[in-house]
Novice: 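Questions regarding the structure given below will be posed in turn.
In listed order, ligands and their atoms are each counted from 1. Here, residue 1 is the first one in the sequence, and each next residue gets the next number.
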Amino acid sequence: MKKILFFTITSLVLILSACAPSTAPNGNSEMMDGTPTPGSMMMDNPEAAHMMEPITAPNVQPATETEGGQPLDYRLEEGVKVFELTTKAVQWEILDGVTVTAFTYNGTVPGPMIRVTEGDQVRIIVKNELPDPTTIHWHGVEVPNAMDGVPGVTQDPIQPGETFTYEFTAKPAGTFMYHSHYEGDVQVGAGLYAPFIIDPKEPVANPPAVDKTLMISEWRMTDGMTYAAMPMSGMEPNYFTINGKSFPATETITVKKGDLVRLRFIAIGQFIHPMHLHGVPFKIVATDGHPVPEAAQLTKDTVSVAPGERYDIEFVATETGQWMLHCHILHHTTNDNVEPGGLMLMINVVD
Ligand SMILES: [Cu+2]
């Protein structure tokens, strides 16, 4: 009886609090329930308004490269693989005639791929040529705390014009990424992300014939201005990119009939993307970089990739033809509301 009474009172309190207006005595409508909606948060917290500002920088030049996520060269210094990154703003073409203002690593979206072997000692020298501070987080890589890239926690932000050096042992093997951790909601959406692949020390017996990394993100472009897309009213994306390109500018992946194909999905925007493959099912061979034991590998034709997640999928291309790979939130296969576009690419299986 006591229990029932307790639940009844608890439910009553919950119902009453849900119905009551959540305005605090000071007029701050969000203080009481602690779950502010982004729109009202802006009014109460002018600091949050950075989310609404367009991506800009003085003197932004068109990108000199056209492909993002390409392998980055390194130099060996006493056994350490030394990579150099420069953060800078460029005009980046995501589609014929559609150019965004992007914050980039080395002038491309995504930034260059860092690909090393498990156990390698790596040093990454980062020069910040953005108008804003930044840091880099090595997402999923098991780095020492001081290298984790969280501003105000593990390091001071890298100020414009400053250089910071990250150094750690690359581990474990798998599909990872690096991205900004400074005003991440803006800087990551603006293009500060790139793949970080750690190959296993012992090479796999039958490596896939084709191995592609696909980084998925979103943009908002209105009146010629670029905004970091947000899951909030008025900031929704109207362009969607795989490796910095919207269909039909996305890469066509050509494979031979019978080839084993590995695709590494990385979602780095702020939206979930159920990626669907036509033609043949695939196996999920790794999640967030970590291998899935064979007996536990799911066979699927669609996998939802949430922000921050990685899924490595593998399939054998058994049928020739042009097979589509696309996001199954079908609005995400449009360019500014025009179909087809966005998160779509062709896998061309040839004899
Ligand atoms: Cu999607």
Side-chain angles (χ1 to χ4, degrees), residues 38 51 55 68-69 92-96 98 100 102 109-110 139-140 175 177 179 184-195 212-222 226-253 261-282 284 286-288 298 300-315 322-347:
M51 297 188 292
I55 306 301
W92 180 256
E93 194 175 77
I94 59 172
L95 183 67
D96 245 359
V98 181
V100 296
V109 182
H139 189 116
T175 303
M177 58 176 155
H179 63 75
D185 59 343
V186 172
Q187 291 198 354
V188 175
L192 286 173
Y193 55 82
K212 293 277 180 187
T213 301
L214 305 173
M215 289 194 92
I216 306 163
S217 192
E218 310 89 26
W219 303 83
R220 179 171 179 79
M221 277 277 290
T222 53
T226 306
Y227 298 84
M230 310 266 169
M232 60 186 266
S233 175
M235 295 301 285
E236 295 92 345
N238 57 343
Y239 287 96
F240 308 86
T241 53
I242 301 174
N243 290 345
K245 302 285 173 184
S246 303
F247 185 83
T250 47
E251 179 184 4
T252 293
I253 301 173
V261 180
R262 176 185 298 172
L263 302 178
R264 305 170 188 248
F265 293 124
I266 305 179
I268 184 56
Q270 302 203 44
F271 294 80
I272 293 175
H273 301 292
M275 299 304 290
H276 172 57
L277 177 67
H278 289 208
V280 287
F282 54 77
I284 296 174
T287 56
D288 294 345
L298 295 176
K300 287 176 68 68
D301 57 41
T302 309
V303 59
S304 283
V305 192
E309 285 190 317
R310 284 89 63 217
Y311 286 93
D312 294 7
I313 67 160
E314 283 186 359
F315 61 92
Q322 287 190 298
W323 298 106
M324 191 170 269
L325 170 72
H326 68 90
C327 176
H328 223 289
I329 292 176
L330 299 172
H331 177 59
H332 296 177
T333 57
T334 61
N335 296 328
D336 202 16
N337 301 319
V338 179
E339 197 186 36
L343 303 182
M344 218 186 247
L345 60 74
M346 289 295 181
I347 296 173

Novice: Could you check which N/O/S atom of His273 is closest to the Cu ion (ligand 1)?
Specialist: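 For His273, the N/O/S atom sitting closest to the Cu ion (ligand 1) is ND1.
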
Novice: Please state whether the separation between the Cu ion (ligand 1) and some N/O/S atom of His331 is under 2.8 Å?
Specialist: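 No, since none of the N, O or S atoms of His331 sits under 2.8 Å from the Cu ion (ligand 1).
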
Novice: Describe, in one word, how the ring planes of His273 and Phe240 are oriented to each other, choosing from parallel (under 30°), tilted (30 to 60°) and perpendicular (over 60°).
Specialist: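 Because their plane-to-plane angle is over 60°, the rings of His273 and Phe240 count as perpendicular.
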
Novice: Would you mind naming the N, O or S atom of His332 nearest to the Cu ion (ligand 1)?
Specialist: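 Going through the N, O and S atoms of His332 one by one, ND1 ends up nearest to the Cu ion (ligand 1).
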
Novice: If you measure only the distance, is there a donor-acceptor pair under 3.5 Å linking the side chains of Thr175 and Arg310?
Specialist: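 There is no such pair between these side chains.
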
Novice: Can Trp219 and Thr226 be said to form a side-chain hydrogen bond (donor to acceptor under 3.5 Å, both in side chains), step by step?
Specialist: CA-CA 7 Å; Trp219 303 83; Thr226 306; over 6 Å; no

Novice: Give a yes or no on whether the ring-centroid distance for His326 and His278 is below 6.0 angstrom.
Specialist: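 His326 vs His278: aromatic centres under 6.0 Å.
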
